[in-house]
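Before any comments, here is the structure.
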Amino acid sequence: MSDAATPSVPSDFIRDIVAQDVAAGKYSTIVTRFPPEPNGYLHLGHARAICLNFGIAVENRGRCNLRFDDTNPAKEDAHYVEAITRDIRWLISGWAEAQLTFKPKGAAPAEQSVNGRPDRLMVPRPADAADAEPYAASDYFDVLYDYAVELIKRGKAYVCDLSPEETEQYRGTPTTVGRDSPWRSRSVEENLDLFTRMRAGEFADGTRSLRAKIDMTSPNIWLRDPLLYRIRHIAHHHTGGKWCIYPLYDYAHCLSDYLEGVTHSFCSLEFVVHRPLYDWVLTSLDLPRPRPHQYEFAKLIPTYTIMSKRNLLRLVQEKVVSGWDDPRMPTLAGLRRRGITAAALRRFVIGTGITTHDAGITDIAVFEHVVRDELNQAAPRRLGVLHPLKLVLTNLAPGEVIACEAVNNPQSEAPTTRTVNLTREVYIEQDDFAEVPPPKFHRLKPGGEVRLKYACIIALDEIVKDASGQITELRCTAQLDTRAGEPNSGKKVKGTIHWVSAAEAIEAEVRLYDRLFTVPEPGAEDDFLKVINPDSLTVVSAKLEPALATAKPGECFQFERMGYFTPDAGDSQPGMPVFNRTITLRDTWAK
RNA sequence: UGCCUGGUGGUGUAAUGGCAGCACAGGCGACUUUGACUCGCCUAGUCAUGGUUCGAAUCCAUGCCGGGCAGCCA
C-alpha cells in the first residue's frame, strides 16, 4: 500500500526549478503557500495545488503557508475560511502537518531592517500552536496601502477618474493598443491627496481607482496600467468596516508572497500573462529581500465532473445536490463524506503529474482505480445485502445457529477473523438469483448450487411466489459438510454469494452514488444541468451483518462483492445507520 | 488576424542529443469461498515537412492544430 504518509516523490519541471535554487543556495528555507479565496469550497482541482505546495515543502524541509486571498469582500465569507481550513488539514493529515504554517493570532507584518533598509515580514507560527491562525491578505491592507503610497511617490502609480466603462475603452483590445488615461500625468502631490481621500471614503464606488503607470501600448493587456485599488464601500469579513478601498489580486498577491517570505509561488497557467505584472510590482518597490517568483502549471480536470466554483455553487443553490459536502460533489468535503481517503486523493493528484500543457482531461477512471486500491488494502470486509431476497434453509431448525469464521481483510499481513452466524432464514442479493438465468450466470438458479460465502454450499429446491407471481422466498438445502473444515469443504461450485442472517441482520439506509453527470465533459455543454445523471443517487433499505451496528464515520468497509461503504457523518442515527457507497467494486462481468 | 503558451498510444504522463518507458482504460488467459484482488500475455504513441547531427520526442526553421489574455473577480 502506498502509504499514506509518503506518496512517492515525483519529478517535474517545478521540482527541478526548486532543486536548482536549493543547489545554488538561493534560499535558506523553501517557503510555498496555498492561497485560496474564501468564496467557496475546495475541490479536486485545488487538491493538486495543495499537494504541490505542501509536497515541495515536505521534500525540502520547508514550510507552506495557508493564506486566504481575501481582497474582494463582495464574494467572501468567514464560513468558507473555516471549511477550507478544515479541508486542508484533512487532506494533508498524516503527511504534511508539520509544514502547515499559520501566523500568530492578530499579527500583522512586523517592521524590521534588512541591510539598513526598512522592511516588513510576517512571523510564521506552526499551525498547531494554540495562538495560531491562517494568514490573510487582508492582514496586509495597512502595509499594502503604504506600498501604494510609495509607488505613487516613485511616479509609478496614479489616481484615475475614468469610469469602469471608460477604463475598458481606453484599455484597447488584444489586437489594438490602448490610450493613456487623461489622468495619467497627475502630479505626485495630487495623487497622494486623492489616494488619501479615496481611503477616507470621500468618493463613491467606481468613481476613481489607483492604477499602475506602465504602458498602455503593451501587447500584454495586463501591463496597460492595471488597477491596483478600487473603491468598495462594503464590509469585509475579516477587517469589518475599516476599509472602503480594496487592493486587486495582481497587486496584493505578489506583495503578500513577499511579506510572508514565500520563495516559490505556484499558480495555474491562466496567470502566465500576469507574471510580468507580478514582477513589475515587486521590482518597482525596490524591496530589500530576495523576491518571490511565480511559476505556472496546468489545472487538473477530471472527466464526468465540473470544477469551477461558480458552477459548483450553482449546483448547491439550485439544490441539484444537498450542499457543498454532498457526496456527489467533487469538493474535498463531499469526497470525504463519500468515504474517499485523503491518501487516495493525494496519490491521484500527485500521480497525474505537474506539467505546462493544458487542455488535457484526466479520465476519472484513474481516480477510481486509486480509490479502490487504497480501500482494498485498508477496508475490513463485511457482509451486507442491498436488495434483500429471503432464502430459507429448510434443513436447519428454527433457532439453530451455525457459527462461521469470516476473514476481516484478506489483504492484511496477519488477517483476523470474526464470526458470522448462519441461521434458517437468510437474505441474499436479488441479483444473485435468476429464475431465467442469462448465459454464464454463476449465481443461484433453478436446480443450481451456489456457495454462501464463509458458510456452505446450498442447493435450490423451490421458488415460492405470491398470488401476483412475485417471488417471496427461495427454499434451499444447506450442504453442511461443505463448510470449512468439513470433509466436503473442497467441493467447487461456480458461484459464491454473500448473505446475512435474517434473525441477526440490522437495518440500514444505504445511499448508492453514481457519477453526477452523464457525459465525460459536462463543462463543455451549453448547460451542464441538462446532463445531470438522474440516477446519481439511489437510496435502498439494506440488511447488514450485526458487526456494522457500531461503525463510525471515517471508517470504511468493503461490503463483499458490492463495493466500499462508509457511515454518513451527518445523517446516521442510533439504531438506523446511514451508509454512503464510496465506490463499487470493479465488475468485469456486468460489462 | 496582437501577445503569451503548448502538442508523446484512447486518456494522463516519463525520457533534458543515445534502447520511446509507466499508469489508467480496452482485449485474452490463469487463479479465486468476493465475477474483487493478484499474476501472465496482448493492443496502441513522438502533429506535419524540412534542416543540424554518427544519432532528434528532445536543437533550428516553416506550417498545422490547441489553450490562455481585453473584470474596478481571483
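So you know, we letter chains A, B, ... as the sequences are listed, proteins then strands, and number each from 1. Keep in mind that this is a model prediction, so the values were computed, not measured.
- Within 4.0 Å (heavy atoms only), A:Arg232 reaches at least one base atom of the nucleic acid.
- Residue A:Glu521 places its CD atom among 12 or fewer non-hydrogen atoms of other residues, nucleotides or ligands, all under 6.0 Å distant.
- Comparing B:rA36, B:rU34, B:rA15 by their closest approach to the side chain of A:Ser11 singles out B:rA15.
- When both pairing distances are held under 3.5 Å, B:rC37 makes no Watson-Crick or G-U pair with any nucleotide shown.
- The side chain of A:Gln558 lies closest to B:rU34 when the candidates are B:rG12, B:rU34, B:rA74.
- Side-chain atoms of A:Asp363 lie closest to B:rU11 of the nucleotides B:rC69, B:rU11, B:rG2.
- Using a 4.0 Å heavy-atom cutoff across all strands shown, A:Asp16 reaches at least one base atom of the nucleic acid.
- One cannot find a donor-acceptor pair under 3.5 Å joining the base of B:rG35 and the side-chain atoms of A:Arg586.
- Checked options A:Asp587, A:Asp432, A:Asp431; the residue passing with A:Arg561 is A:Asp432 (criterion: side-chain hydrogen bond (donor to acceptor under 3.5 Å, both in side chains)).
- Residue A:Thr71 has a polar side-chain atom (N or O) positioned under 4.0 Å from OP1 or OP2 of B:rA74.
- In the set B:rA74, B:rU13, B:rU34, B:rA74 carries the atom at the smallest distance from any side-chain atom of A:Asn72.
- Applying the 3.5 Å distance criterion, the base of B:rU5 shares no donor-acceptor pair with the side chain of A:Glu296.
- Residue-level contact check: A:Phe559 touches neither bases nor backbone, having no heavy atom under 4.0 Å from any strand.
- A distance of 12.5 Å separates CG in A:Asp16 from CD1 in A:Ile354, rounded to the nearest 0.5 Å.
- Across all strands, A:His498 comes closer than 4.0 Å to no nucleic acid atom at all (heavy-atom distances).
- Comparing B:rA74, B:rG66, B:rC3 by their closest approach to the side chain of A:Asp358 singles out B:rG66.
- Comparing A:His442 and A:Thr355, the nucleotide of RNA chain B nearest to each residue sits closer to the 5' end for A:Thr355.
- Contact annotation: A:Arg230 side-chain N/O to B:rC73 OP1/OP2 distance is under 4.0 Å.
- Using a 4.0 Å heavy-atom criterion, one finds that A:Leu248 contacts the sugar-phosphate atoms exclusively.
- The listed nucleotides are B:rA70, B:rG6, B:rU34; the one nearest the side chain of A:Thr356 is B:rG6.
- Looking at heavy-atom distances under 4.0 Å, A:Ala298 makes no contact with the nucleic acid at all.
- Surrounding CD of A:Glu486 are more than 12 heavy atoms belonging to other residues, nucleotides or ligands, all under 6.0 Å away.
- A:Leu585 comes within 4.0 angstrom of a base, heavy atoms only.
- At the heavy-atom level, A:Val273 lies under 4.0 Å from base atoms of the strands shown.
- For A:Pro164, counting side-chain heavy atoms from C-beta on, the closest listed nucleotide (B:rC72, B:rG12, B:rG35) is B:rC72.
- Which of B:rU33, B:rA74, B:rC69 sits closest to the side chain of A:Lys492 comes down to B:rU33.
- Side-chain contact between A:Leu391 and A:Ile458 is present, with at least one heavy-atom pair separated by less than 4.5 Å.
- For the OP1/OP2 pair of B:rC72 and a distance below 4.0 Å, the side-chain nitrogens and oxygens of A:Arg208 include no atom meeting the criterion.
- Side-chain rings of A:His387 and A:Tyr427 stay apart, their centers remaining 6.0 Å or farther from each other.
- Using a 4.0 Å heavy-atom criterion, one finds that A:Gly360 contacts the sugar-phosphate atoms exclusively.
- Using a 4.0 Å heavy-atom criterion, one finds that A:Ile497 contacts no nucleic acid atom at all.
- Here A:Pro410 lies in heavy-atom contact (under 4.0 Å) with a base.
- Under the Watson-Crick or G-U wobble criterion, with both distances below 3.5 Å, B:rC64 is paired with B:rG7.
- By the 4.5 Å heavy-atom criterion applied to side chains, A:Phe68 and A:His237 are not counted as neighbours.
- Here the P atom of nucleotide B:rG7 and the CD1 atom of A:Ile361 are 18 Å apart, to the nearest Å.
- Closest contact between the side chain of A:Asp373 and the listed nucleotides B:rU38, B:rG35, B:rA25 involves B:rU38.
- Within 4.0 Å (heavy atoms only), A:Glu37 reaches sugar-phosphate atoms of the nucleic acid but no base atom.
- Checking A:Pro174 against A:Asp250, the closest nucleotide of RNA chain B that is more toward the 5' end is the one next to A:Pro174.
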Discussion item. If you apply the rule ring pair (Phe, Tyr, Trp, His ring centres under 6.0 Å), what do you find for A:Tyr258 with A:Tyr147, and how did you get there?
Written reply: CA-CA 12 Å; A:Tyr258 176 79; A:Tyr147 281 136; 7.0 Å; no

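- At a threshold of 4.0 angstrom between heavy atoms, the contacts of A:Ala74 with the nucleic acid are absent.
- Residue A:Ile245 is classed as having no contact, given no heavy-atom separation below 4.0 Å to the nucleic acid.
- Here the side chain of A:His369 is nearest to one of B:rA23, B:rG6, B:rA36, namely B:rA23.
- If you check B:rC69 for Watson-Crick or wobble pairing at under 3.5 angstrom, you find it paired to B:rG2.
- A donor-acceptor contact under 3.5 angstrom links the side-chain atoms of A:Arg451 to the base of B:rU33.
- Pairing of B:rG21, defined by two Watson-Crick or G-U wobble distances under 3.5 Å, is identified with B:rU13.
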